[in-house]
Amino acid sequence: QVQLVESGGGLVEPGGSLRLSCTASGFTLDNWSIGWFRQAPGKEREGVSCITAYNEGYYVDSVKGRFTISRDNAKNTVYLQANSLKPEDPAVYYCGTPVGRFPYLCPHLESSEYGNWGQGTQVTVSS
């Protein structure tokens, strides 16, 4: 059974950092892209970043220069290093796999293009 598990969320002060993890079970991540999304209360799920099976990373403008996506295939895990966290970053962060024909590439960061969501991990930014 394909399953993704997110972890690493928590409470940080503005300007702080967190490293989020997305660990896969039931399949190996080697040939898959992984997307990170976030959803704040009352808002739609929005794309944050994606990494291809070839280790190419993509980011939305709001996190460029602050977030870094990476993967460790030996650990079957994708990471999202979130630095310089801002008050607009708090949300539940989810990871997912592409559901289209080319799972090794990153489709547009639209939630409809991804699936196999994990349960999410909460990020809170507060002083």
Side-chain angles (χ1 to χ4, degrees):
Q1 181 180 358
V2 172
Q3 188 176 9
L4 297 173
V5 177
E6 302 92 339
S7 62
L11 170 63
V12 295
E13 294 184 348
S17 298
L18 287 170
R19 189 177 77 158
L20 309 182
S21 299
C22 171
T23 301
S25 62
F27 72 109
T28 56
L29 281 180
D30 298 38
N31 299 317
W32 289 81
S33 296
I34 292 292
W36 277 100
F37 287 71
R38 63 188 180 187
Q39 189 166 17
K43 295 187 176 182
E44 293 188 354
R45 191 169 298 189
E46 64 171 356
V48 175
S49 181
C50 180
I51 187 166
T52 70
Y54 309 108
N55 221 26
E56 300 161 320
Y58 298 90
Y59 306 89
V60 295
D61 287 345
S62 60
V63 306
K64 280 181 181 177
R66 300 190 297 123
F67 290 14
T68 303
I69 193 168
S70 62
R71 61 193 302 147
D72 185 341
N73 288 340
K75 295 183 178 179
N76 227 26
T77 298
V78 168
Y79 302 100
L80 185 68
Q81 179 69 41
N83 297 332
S84 302
L85 283 162
K86 299 179 178 181
E88 56 262 38
D89 292 320
V92 178
Y93 282 68
Y94 300 90
C95 60
T97 62
V99 296
R101 294 174 55 195
F102 306 106
Y104 45 87
L105 300 177
C106 284
H108 294 297
L109 281 169
E110 299 286 342
S111 58
S112 58
E113 300 283 353
Y114 294 79
N116 294 316
W117 304 106
Q119 84 291 344
T121 186
Q122 176 72 52
V123 171
T124 304
V125 180
S126 176
S127 55

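One-based numbering along the sequence shown.
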Q: Using the disulfide bond (SG atoms under 2.5 Å apart) rule, collect all pairs that involve residues 69-102, keeping only residues at least two apart or in two chains.
A: C22-C95
Q: Output every pair passing salt bridge (Lys or Arg N to Asp or Glu O under 4.0 Å) with a member in residues 50-60, not counting sequence neighbours, ordered by first then second residue.
A: none
**Q.** Validation row: R71, N55 side chains within 4.5 angstrom (heavy atoms)
**A.** yes
Q: Decide whether V123 and Y79 are clustered together by the hydrophobic rule: side chain heavy atoms of Ile, Leu, Val, Met, Phe, Trp, Tyr closer than 4.5 Å, transitively.
A: no
**Q.** For T23, all residues meeting side-chain hydrogen bond (donor to acceptor under 3.5 Å, both in side chains), sequence neighbours excluded
**A.** T77
Q.
Going by the rule side-chain contact (heavy atoms from CB on, under 4.5 Å), which residues pair with A24 if we only count those two or more places apart in sequence or in a different chain?
A. L4, F27, L29, N76
Q. For the residue pair P103 and P98, what are the closest heavy atoms and their distance?
A. O-CG, 3.7 Å
Q) Which residue pairs pass the ring pair (Phe, Tyr, Trp, His ring centres under 6.0 Å) test when at least one of the two sits in residues 33-55, sequence neighbours left out? A) F37-Y114, F37-W117
Q.
Looking at every heavy atom in both L85 and R66, which two are closest together, and how far apart are they?
A. CA-NH1, 3.9 Å
Q | Shared hydrophobic cluster for F67 and V12 (ILVMFWY, side-chain gaps under 4.5 Å) | A | yes
Q) Got a sec, which residues hit side-chain contact (heavy atoms from CB on, under 4.5 Å) with S17, two or more places apart in sequence or on another chain? A) Q81, N83
Q) Can you pull the disulfide bond (SG atoms under 2.5 Å apart) pairs that have at least one residue in residues 53-83, sequence neighbours excluded? A) none
Q) What do the steps show when you test E6 against V92 for side-chain contact (heavy atoms from CB on, under 4.5 Å), and what is the final call? A) CA-CA 10 Å; E6 302 92 339; V92 178; over 6 Å; no
Q | Cluster link V78 to Y104, ILVMFWY, side chain under 4.5 Å | A | no
(Q) Checking Q39 now: which residues fulfil side-chain hydrogen bond (donor to acceptor under 3.5 Å, both in side chains) with it, not counting sequence neighbours? (A) R45
Q.
Does E44 have more than 12 heavy atoms from other residues, nucleotides or ligands lying within 6.0 Å of its CD?
A. no
Q | Under the side-chain contact (heavy atoms from CB on, under 4.5 Å) test, residues paired with K64 that sit two or more places apart | A | Y59, D61
Q: Report the distance from atom CG of L109 to atom CD of E46, rounding to the nearest 0.5 Å.
A: 10.0 Å
Q | With E110 via salt bridge (Lys or Arg N to Asp or Glu O under 4.0 Å) - residues at least two apart | A | none
**Q.** Residue pairs, two or more places apart or on separate chains, that pass disulfide bond (SG atoms under 2.5 Å apart) and touch residues 38-76
**A.** C50-C106
Q. Of the non-hydrogen atoms in R38 and D89, which two are nearest, and what is the gap between them?
A. NH1-OD1, 2.9 Å
Q.
With a 4.5 Å cut-off on side-chain heavy-atom distances among I, L, V, M, F, W and Y, is there a chain of contacts connecting Y58 to W32?
A. no
Q: Report yes or no: does S33 contribute a side-chain atom to a donor-acceptor pair with the main-chain N or O of L105 at less than 3.5 Å?
A: yes
Q: Could you pull out the closest heavy-atom pair between A53 and D30, with the gap in Å?
A: CB-O, 3.5 Å
Q. Which residues satisfy the side-chain hydrogen bond (donor to acceptor under 3.5 Å, both in side chains) test with Q122, sequence neighbours excluded?
A. none
(Q) Check for me, please, whether L20 and V60 land in the same ILVMFWY cluster - side-chain distances under 4.5 Å, paths through other members count. (A) yes
Q: Starting at CG of N116, measure out to CD of Q1 and round the result to the nearest 0.5 Å.
A: 9.5 Å
